[in-house]
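Below is one structure, written out as structure tokens; comments come after it.
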2 protein chains.
Amino acid sequence: MNSQKRVKAPTIQDVARHARVAVGTVSRVLNGHLGVKPATRQRVLDVIKELDYSPNLIARSMTSRRTGSVGIIVPFFTRPFFNEVLQGVEIATTRSGHEFMLYNVQTDDQCQAYFRELPKQRKVDGLLVISLYPDDATAVSFRRAGMPVVLVDAYHPLLTSLIVDNIEGGYQAVKCLIEHGHRRIGFINGIPESDFRFNPANDRLAGLQRAFDEAGIQYEPDLVLTAQWNRSGGREAALQLLTRPDRPTAIFATSDLQAVGVLEAARSLHLSVPAELSVIGFDGIELAEIMELSTIQQPIQHMGELGAQKLIALIEDNEDSESRPELIRLQTSLLQRQTIASPPHYT
Amino acid sequence: MNSQKRVKAPTIQDVARHARVAVGTVSRVLNGHLGVKPATRQRVLDVIKELDYSPNLIARSMTSRRTGSVGIIVPFFTRPFFNEVLQGVEIATTRSGHEFMLYNVQTDDQCQAYFRELPKQRKVDGLLVISLYPDDATAVSFRRAGMPVVLVDAYHPLLTSLIVDNIEGGYQAVKCLIEHGHRRIGFINGIPESDFRFNPANDRLAGLQRAFDEAGIQYEPDLVLTAQWNRSGGREAALQLLTRPDRPTAIFATSDLQAVGVLEAARSLHLSVPAELSVIGFDGIELAEIMELSTIQQPIQHMGELGAQKLIALIEDNEDSESRPELIRLQTSLLQRQTIASPPHYT
DNA sequence: TTGTATGCGTTATCAT
DNA sequence: ATGATAACGCATACAA
């Protein structure tokens, strides 16, 4: 075993010297360029192994103008939904030999700062933006900086975007409830903890309205509550909804996390699900499966994987500006489990 | 609005030229060095704003030998436990202005490859290793490369390590069960999906044995099963345990995920928890709270935060080799919820 | 086939 | 207080 003392890392110069060749030659064998005599190639390889040399990737990035990293800008990355997106991202980046930096954002300011700085800092070759909406000026600045960007669960006309049909998803959820005989349906909308620009829950509400219209059900604003995107948000909203004299027979929550909160509220109120209350969520996270919660399944992991894959393609083809951005639409699907039944007294 | 066409990012040279100063001067104002006449300083600042200039961080890393990033090597980062660790990591890195790269590992080979390559590649200033055990040669190589490393939920004498007392945790779990009157206690051990070097579950088993010894209970190997670290692993093991004629009255699972699997098994067997079966898990993830599962709480998020904080201190103090590594021990605590009761017919 | 020299964008060390 | 210039480690165009 060698000494424990810290030692300066060998450079390409050291390798060249030991192998008695020029740095250019070492660089060539490093990058698999042809035109190196097998004998010298082998000699260089031997020295590399002997010195335990690895190229300094920072220095390499200087000339190659590539870092091999992509940046993921994501709000609240520990939430199950985002976590599952990241799982897909990891699969795609690892497959293509890229690394990724995680930029977690909790406020809109932080988000805008990342949008502004990251393209110029050049620590990443591309940006994957999850559930966040760049404004027009930002989108333009991405292109000017030559920074490839892909939006996942978000849309901008200038950027490759990957969206799911939230209206259709909301429609599927409510239609299912209606088909089971429900007429009084509560909706728990989501309000982001901070002032992000966009709220997919509004589209899901639009889907609800379409289903209502179709069934000739009167939309009652009283049955729509806005709550935080988490369990306690769902729980509190449900508590409100369910303690009214004319409580709804079913609740559609705009996220599974909130729907789990609804389940908790029902439990604390000794309301049995689905006998006395039907519940449907949105997202299709693993927790929904554990809780046997009916939900609208988004292709979450696939969104992350496909988004990352598209981003890497943009990076490698270097087709930043000349190409028109792609718009990819993904579908949701109804997942019926144990939390939906016909309402009490339904004939 | 400027043209949309991609444009070369301005460099420090461009700023210098526009401000009619030398690059050195620009660098000085950029880095807040004193000895710049306020007038010129302002002129430079104006040009920087006018050109929308940001320093190229890669180039800066060339000379500064700092990237401002830390690498997190973590197995299966989407698992709730690791996810909560990462949450702590994010808090600490953001606080200190660092970014982090996520290196997810799924096999031991992959892990060893990261251990070998990352210190030489210099894309990160330090490494935070979660629940993974570097061998002696690896630990030495970290020091030789001058790469600060902190181990979380793992230990090596040469490296700053942050561990929880798994033996004590196992002991707490089983002692609680015994105090409730249980004598036949099943244990579900964990086996990693791949051949990682270490298994914390064995320490938890040792804690069980200590509690057994103390209570004069005979250890029965039949009641110890090894299963995957996930729900289905726990479910299948529990199914085996619970369909025996002399089934245990309580099960201690070495992770909450497996304990949830136990709950699922009990449900499918129409065994009521805790009336007919007591269950306790380990970790204290959020899911345990949702399921009202009793468990042994590890300070998960705190482990990530403290580990990252220690790592950043190592990086900033640059005290790689001269300092003796620190060993930090953290405690677990019993979290009693709804899944533990006295066994049937207990007087 | 191989060597040399220049540039990548900064910081830092000299000068002036 | 500021300017010129040499690193940093690598890739590459050009020479030999």
Side-chain angles (χ1 to χ4, degrees), chain A residues 7-45 47-48 51-68 117 119-125 145-146, chain B residues 7-45 47-48 51-69 117 119-125 145-146 318:
Chain A
V7 86
K8 193 184 161 304
T11 74
I12 199 173
Q13 315 270 1
D14 299 323
V15 175
R17 190 152 23 80
H18 280 74
R20 264 179 273 282
V21 296
V23 293
T25 303
V26 178
S27 178
R28 278 183 282 263
V29 346
L30 241 26
N31 298 287
H33 292 182
L34 31 72
V36 171
K37 188 159 53 176
T40 40
R41 161 180 224 82
Q42 190 54 51
R43 192 147 40 93
V44 169
L45 253 18
V47 173
I48 286 177
L51 263 41
D52 191 27
Y53 166 82
S54 284
N56 179 321
L57 260 28
I58 295 294
R60 178 174 282 181
S61 296
M62 273 301 281
T63 54
S64 71
R65 306 179 140 302
R66 284 281 171 83
T67 64
E117 300 301 332
K120 295 188 287 181
Q121 300 185 160
R122 290 288 144 190
K123 287 188 74 168
V124 295
D125 299 336
Chain B
V7 86
K8 192 183 162 304
T11 73
I12 198 173
Q13 315 271 1
D14 299 323
V15 175
R17 190 154 21 82
H18 280 74
R20 266 180 275 281
V21 295
V23 292
T25 302
V26 179
S27 178
R28 277 183 283 261
V29 347
L30 240 26
N31 298 286
H33 292 182
L34 31 73
V36 166
K37 187 161 53 175
T40 39
R41 159 180 226 84
Q42 192 52 53
R43 193 147 38 93
V44 170
L45 253 18
V47 173
I48 286 176
L51 263 41
D52 191 27
Y53 165 82
S54 284
N56 179 321
L57 261 27
I58 294 292
R60 177 173 282 180
S61 297
M62 259 318 270
T63 55
S64 72
R65 306 178 140 299
R66 281 283 170 82
T67 65
S69 308
E117 300 301 333
K120 296 187 287 181
Q121 298 184 161
R122 291 286 144 191
K123 286 188 74 168
V124 294
D125 298 336
N318 203 36

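Each chain gets a letter, A, B and so on, in the order the sequences are listed, and its residues count up from 1. Values in this document were obtained by computation on a predicted structure and should not be read as measured data.
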Rounded off to whole Å, could you give me the [atom1]-to-[atom2] distance for the [X] and [N] pair?
X      : N      : atom1 : atom2 : value
B:R122 : D:dC8  : CZ    : P     : 15 Å
B:M62  : D:dA11 : CE    : P     : 11 Å
B:L34  : D:dA1  : CG    : P     : 9 Å
B:I58  : D:dA11 : CD1   : C1'   : 15 Å
B:R66  : D:dC8  : CZ    : P     : 18 Å
B:R17  : D:dA4  : CZ    : C1'   : 16 Å
A:N31  : D:dG9  : CG    : P     : 17 Å
A:L57  : D:dC10 : CG    : C1'   : 11 Å

By nearest heavy atom, map B:R65 and B:G35 onto DNA chain D; which one lands nearer the 5' end? B:G35

Applying a 4.0 Å non-hydrogen cut-off, can you work out what [X] is touching in the nucleic acid: base, sugar-phosphate, or nothing?
X     : value
A:T11 : sugar-phosphate
B:S64 : nothing
B:R20 : sugar-phosphate

Can you give me the first and the last nucleotide of DNA chain C (5' to 3') that has an atom within less than 4.0 angstrom of a non-hydrogen atom in chain B? C:dG9 to C:dA12

Separation between [atom1] of [X] and [atom2] of [Y], rounded to the nearest 0.5 Å:
X     : Y      : atom1 : atom2 : result
A:H18 : A:I48  : NE2   : CD1   : 12.5 Å
B:R60 : B:N31  : CZ    : CG    : 5.0 Å
A:R65 : A:R122 : CZ    : CZ    : 8.0 Å

Compare side-chain N and O positions of [X] against OP1 and OP2 of [N] and report whether any pair is under 4.0 Å apart.
X     : N      : answer
A:N56 : D:dC8  : no
A:R60 : D:dA11 : yes
B:T40 : D:dA1  : no

